[in-house]
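Data first, discussion second: the structure below is written as structure tokens.
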Amino acid sequence: MPTARGAYISRTAANWVGVIPFLAFTAIFLLLPTVNIVLGAFRGPDGGFTLATMAKLFEPRLMNSFWLSIRVSFFSAALGAGLGFLVAASVIHGGLPAWVRAPMVTFSGVAANFAGVPLAFAFIATLGRLGLVTVLLRDWFGVNIYASGFNLISFWGLVFVYLYFQMSLMILIITPALEGLKREWSEAAQSLGASSVQYWRMVAIPVLLPSLLGTFALLFANSFGAIATAQALTGSSQSLITVQLFAQIRGDVLQDPNLGYAIAFGMIVITAVANAIYIVLRTRAEKWQK
């Protein structure tokens, strides 16, 4: 007859069985590739240890690509966070009908994962030089947006396209934080004579600030690692660091696997910092909500 300790061990082992697929998936597709990238970044063509490959990251060409990716990520994250917050706040606390919330969350869940080549094609078909909206504005209203300076494959055009999934992701993440604002806080502020603007400026925004900053960091990391949308939309006209990485590992005449590892390692460092900021600030935000 099994003892209590033996039964406990059996239950514990059975519980771990369900986690094995997740652990295996994480090890094969995340941990091992990351370790290989880190080792490859400090390995030369002969397989020996070297810092020469990492030193190439400071060449003007790659530094400009890193800086371009950082700027695109910063502006798309800042605009996406700001617009997404306004949309979510309008729906949750703006007095709009309750039925608006479900479609907003559903659409945001779809849009936040709609990226890559399909997203680039959708914007080209809509706002490209011969896109539907571009042609309608030109033929029906006499407005030529490209003659006015708009360009979908420019820096700001790429930021504009990124807003599609950045704003949607912001809505998904900030909605629970907005719902965590207690009605009593607003009523207490009103009873003390505070206006709606004063309540948001002095109560709601300070409480939500860790969530806002943390989500901004997450949006930055989300944009920084994107490649398919930029590659399909702009080609080589906007030389993001992800495009440079793709050029080093795709197997053409520019192939330099070790340089690709170094670029990937640099991206991992930047993304890890952004994610660490998000985790720390998110933890602080959850304490406020409790």
Side-chain angles (χ1 to χ4, degrees), residues 22 72-116 118-119 122-123 126 158-191 194-226 228-229 271-290:
F22 168 77
V72 169
S73 301
F74 176 84
F75 284 108
S76 67
L79 293 173
L83 294 175
F85 174 77
L86 291 177
V87 172
S90 299
V91 173
I92 303 301
H93 295 285
L96 294 178
W99 60 264
V100 177
R101 182 185 180 280
M104 178 197 71
V105 173
T106 301
F107 173 79
S108 298
V110 175
N113 294 284
F114 184 71
L119 179 62
F123 271 87
T126 305
L158 186 59
V159 171
F160 178 69
V161 174
Y162 278 18
L163 284 180
Y164 185 87
F165 57 82
Q166 294 283 71
M167 187 170 66
S168 301
L169 184 58
M170 176 64 179
I171 292 172
L172 287 177
I173 296 176
I174 205 63
T175 293
L178 286 168
E179 291 176 336
L181 293 176
K182 294 180 172 55
R183 183 185 299 272
E184 293 83 357
W185 298 345
S186 176
E187 294 173 349
Q190 292 177 3
S191 66
S195 64
S196 178
V197 174
Q198 288 176 321
Y199 163 72
W200 280 97
R201 180 171 60 87
M202 303 177 68
V203 179
I205 295 299
V207 171
L208 293 172
L209 189 59
S211 293
L212 293 173
L213 295 178
T215 306
F216 169 80
L218 181 63
L219 294 180
F220 178 92
N222 184 50
S223 176
F224 189 77
T229 300
T271 305
V273 171
N275 283 323
I277 293 173
Y278 167 73
I279 293 172
V280 171
L281 293 175
R282 188 67 180 178
T283 303
R284 291 188 58 186
E286 290 175 352
K287 291 180 180 179
W288 272 102
Q289 294 173 11
K290 293 178 180 179

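Not measured: the values here are computed from a predicted model.
To the nearest 0.5 Å, the span separating OG on Ser195 from CH2 on Trp200 amounts to 13.0 Å. Annotation: the span from Phe165 atom CZ to Ser76 atom OG amounts to 6.5 Å, rounded to 0.5 Å. Rounding to the nearest 0.5 angstrom, the gap separating the CD1 atom in Ile173 from the CG atom in Leu169 is 4.0 Å. In this structure, CG on Leu281 lies 11.5 Å from CG on Leu218, to the nearest 0.5 angstrom. Leu158 CG to Phe123 CZ: the interatomic distance, rounded to the nearest 0.5 Å, is 10.5 Å. The distance from the CZ atom of Phe74 to the CG atom of Leu79 is 9.0 Å, given to the nearest 0.5 Å.
Counting only distance, with no hydrogens or angles, the side chain of Thr106 and the backbone of Pro103 share no donor-acceptor pair below 3.5 Å. In this structure a side-chain-to-backbone donor-acceptor pair under 3.5 Å is present from Thr215 to Ser211.
Considering all non-hydrogen atoms of both residues, Ser108 and Ile171 come closest at OG-CG2, 3.5 Å. In terms of heavy atoms, Ala226 sits closest to Tyr162 at CB-OH, 3.7 Å. Counting all heavy atoms, side chain and backbone alike, Ile174 lies closest to Leu212 at CD1-CD2, 3.8 Å. Annotation for Ala228 and Gly116: closest pair CB-CA, 3.6 Å, computed over non-hydrogen atoms. Between Leu181 and Ala204, the shortest heavy-atom distance links the atoms CD1-CB, 4.0 Å. The shortest non-hydrogen separation linking Leu219 to Ala81 is CD1-N, 3.8 Å.
Considering only heavy atoms from C-beta on, Leu83 stays 4.5 Å or farther from Gln166 through its side chain. Counting only heavy atoms from C-beta outward, the side chains of Ile277 and Phe220 never approach each other to under 4.5 Å. At a threshold of 4.5 Å between non-hydrogen side-chain atoms, the residues Arg201 and Gln198 count as touching. Using a 4.5 Å heavy-atom threshold, the side chains of Tyr199 and Gln190 count as separate.
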Decide side chain to side chain contact (heavy atoms under 4.5 Å, CB included) for Thr175 and Arg101; before the verdict, give the C-alpha distance in whole Å, the side-chain angles of both, and the deciding distance to 0.1 Å. CA-CA 10 Å; Thr175 293; Arg101 182 185 180 280; 3.8 Å; yes
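At most 12 non-hydrogen atoms from other residues, nucleotides or ligands lie less than 6.0 angstrom from CZ of Phe160.
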